Chemist: 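Below you will find the structure I want to go over with you.
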Amino acid sequence: MKTEQPLLITSIKASTDLNKNLFVGFDGNLPVANSKPLGVVNADTGAGNMCPVAVAGIVLVKTGSAVQRGSAVTANASGKAVPVLNFTVSVPQGSNSVLSNSTFPTLLLNGGVLPQSVAGYALDDASGADQLIRVLLT
């Protein structure tokens, strides 16, 4: 049995029907994928009603995919916890030498989300979607 220890619960007006154990955005909707959510819904709430949202502590969150304990998580567009992907940087190779500040190679960033979008850290493993894990909110 997994337990949660919410330290701070606030409320927000639900813009849509919200289900318990999902991330919610600052606007009362499900969050935009890979964006910083306000927190985790603490009770099923119908649109137009005030929704309790855990914004600090350890909370139970439904997963959107496999998650490894200790990994940073963010929200997907369904409000579920998914792992944050690491950024990779590649420098294209070319025949031009960089001799001045008029010629620079273009750096390409792939994957990941900015640290500001991390919702918390997984305290449990999940082998797939729709499992409850404990998340330490950040």
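Numbers here simply count residues along the sequence, with the first being 1. Keep in mind that this is a model prediction, so the values were computed, not measured. Because only heavy atoms are used, hydrogens play no part in the values below, and waters and symmetry mates are left out as well, while side chains stay in.
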Chemist: Is atom NZ of Lys13 surrounded by more than 12 heavy atoms (other residues, nucleotides or ligands) closer than 6.0 Å?
Modeler: no

Chemist: With side-chain contact (heavy atoms from CB on, under 4.5 Å) as the test, would you mind laying out the steps for Leu38 and Val53 before giving the verdict?
Modeler: CA-CA 8 Å; Leu38 171 62; Val53 179; 4.1 Å; yes

Chemist: Might you work through the side-chain contact (heavy atoms from CB on, under 4.5 Å) test for Tyr121 and Thr138, ending with a clear yes or no?
Modeler: CA-CA 8 Å; Tyr121 293 89; Thr138 57; 3.4 Å; yes

Chemist: Over all heavy atoms of both residues, which pair between Lys36 and Val118 is shortest? Give the atoms and the distance, please.
Modeler: NZ-O, 3.1 Å

Chemist: With rounding to the nearest 0.5 Å, note down the distance linking CD in Gln68 to CG in Asp124.
Modeler: 12.5 Å

Chemist: Give every donor-acceptor pair under 3.5 Å between a side-chain atom in residues 43-52 and any protein atom, sequence neighbours left out.
Modeler:
| from | atom 1 | to | atom 2 | distance (Å) |
| --- | --- | --- | --- | --- |
| Asp44 | OD1 | Lys20 | N | 2.7 |
| Thr45 | OG1 | Ala43 | O | 2.8 |
| Asn49 | ND2 | Gly46 | O | 3.3 |

Chemist: Take Ile133 and Leu123 through the test side-chain contact (heavy atoms from CB on, under 4.5 Å) and record every step on the way to the result.
Modeler: CA-CA 7 Å; Ile133 62 169; Leu123 299 179; over 6 Å; no

Chemist: Could you measure the distance from the CG atom of Leu137 to the CZ atom of Arg134? Nearest 0.5 Å is fine.
Modeler: 13.0 Å

Chemist: So which heavy atom on Ala75 is nearest to which on Pro31, and how close?
Modeler: CB-CG, 3.6 Å

Chemist: Output, in order, the C-alpha distance, side-chain angles, deciding distance and verdict of side-chain contact (heavy atoms from CB on, under 4.5 Å) for Lys80 and Asp130.
Modeler: CA-CA 8 Å; Lys80 297 179 181 181; Asp130 297 321; 2.4 Å; yes

Chemist: Taking only Lys NZ, Arg NE, NH1 and NH2, and the carboxylate oxygens of Asp or Glu, determine whether Asp125 and Arg69 approach each other closer than 4.0 Å.
Modeler: yes

Chemist: Please tabulate, one pair per line, all N/O donor-acceptor pairs under 3.5 Å involving side-chain atoms of residues 21-29, not counting sequence neighbours.
Modeler:
| from | atom 1 | to | atom 2 | distance (Å) |
| --- | --- | --- | --- | --- |
| Asn21 | ND2 | Leu60 | O | 2.9 |
| Asp27 | OD1 | Asn29 | N | 3.0 |
| Asp27 | OD2 | Asn29 | ND2 | 3.3 |

Chemist: Decide whether Val67 and Val61 are clustered together by the hydrophobic rule: side chain heavy atoms of Ile, Leu, Val, Met, Phe, Trp, Tyr closer than 4.5 Å, transitively.
Modeler: yes

Chemist: Cluster question for you: counting only ILVMFWY and a side-chain heavy-atom cut-off of under 4.5 Å, with indirect links fine, are Val82 and Val32 together?
Modeler: no

Chemist: Tell me which one of Ile9, Val59, Val55 satisfies side chain to side chain contact (heavy atoms under 4.5 Å, CB included) with Val40.
Modeler: Val59

Chemist: Quick one: does Leu18's side chain get under 4.5 Å of Leu30's, heavy atoms only?
Modeler: yes

